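Below: the structure, in structure tokens.
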Amino acid sequence: MTETETGAATRLEEVMSRIRAAEAEAGRPTGSVTLVAVGKTHGPDVVEPVIQAGQRTFGENRVQESQGKWPDLKQRYHDIELHLIGPLQTNKVKEAVALFDVIETVDRDKLARALAREMAEQGRRLRLLVQVNTGAEPQKAGVLPEETADFVARCRDEHGLEIEGLMCIPPLDEPPAPHFALLAKIGRELGLKTLSMGMSADYEIAIAHGATHVRVGSAIFGARDTPA
Ligand SMILES: *Cc1c(COP(=O)(O)O)cnc(C)c1O
């Protein structure tokens, strides 16, 4: 094993213990937060030791990259749960439905419609989260906070999709806490139980605000060579 490989398993342990400490600090039950380990840009040789160390929930932001990496790992480790955490184009929906277990980035009717059709076609029911653009950033994916309730209702009533929860990526140049608080508030109002928020730099803050899933990449796998 190379140093990166053993390093990732060690850092996984550190992140897990910080998650458990943040749960306790927030007065939340042990195990109420799920770590989504984000292995994007890292090959199977780096990811597999983390699976062997016990991690089972993973996140990827690109369908194509995931197709070269996860089918084999999922075949060898049957209980892997794979989350798509990046934007999904409708021309990749077929591949995404076949490979992923959770799509965290549902954010428009065209995509909701395509997902509904493809899940029926493949007989697979994926778990779905709606991405909310909490900072209303023009370049960022996601529905606007004030449009979330209507969109979630349309997913249910028009597209026949059950939405399990919400996901957000706060603006890079702002404190994340108000964004986490906003996502939690919308989730509460809509009665949605899952909140995917918090990354390497701020997952403990997200847990304090009610995150049920934190998406952590570089704190486990180290810095990425290529931007993603
Ligand atoms: C890359 C990525 C992460 C993980 O980022 P780190 O800062 O490396 O922890 C989380 N969420 C999304 C949507 C990402 O694309």
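In each ligand, atom 1 is the first atom listed, and ligand 1 is the first ligand listed. Being a predicted model, the structure only gives us computed values, none of them experimental.
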Report yes or no: do Val36 and Val47 belong to one cluster of Ile/Leu/Val/Met/Phe/Trp/Tyr joined by side chain heavy-atom distances under 4.5 Å? no

Which of the ligand 1 atoms, numbered from 1, are nearer than 4.0 Å to a heavy atom of Val216: 9 (O)

Sequence neighbours left out, cut at 3.5 Å: what donor-acceptor pairs do the side chains of residues 181-190 make with other protein atoms?
residue, atom, partner, partner atom, Å
Lys185, NZ, Glu189, OE2, 3.1

Here the atoms of ligand 1 under 4.0 Å from any heavy atom belonging to Arg215 are 4 (C), 9 (O), 10 (C), 11 (N), 12 (C), 13 (C)

Which of the atoms in ligand 1, numbered in the order shown and given with their element, are less than 4.0 Å from a heavy-atom of Ile169? 13 (C)

I want to know if ligand 1 touches Gly217 in the polar sense, i.e. an N/O pair below 3.5 angstrom. yes

Which pairs of donor and acceptor atoms, one on a side chain in residues 97-108, lie under 3.5 Å apart (sequence neighbours left out)?
residue, atom, partner, partner atom, Å
Asp101, OD1, Lys74, NZ, 3.4
Asp101, OD2, Lys74, NZ, 2.9
Asp101, OD2, Leu82, N, 2.8
Glu104, OE1, Ser196, OG, 2.6
Glu104, OE2, His83, ND1, 2.7
Thr105, OG1, Gly86, O, 2.8
Asp107, OD2, Gly142, N, 3.2
Arg108, NH1, Leu88, O, 3.4
Arg108, NH2, Leu88, O, 2.8

With distance as the sole criterion, is a donor-acceptor pair present between the side chains of Thr194 and Glu164 under 3.5 Å? yes

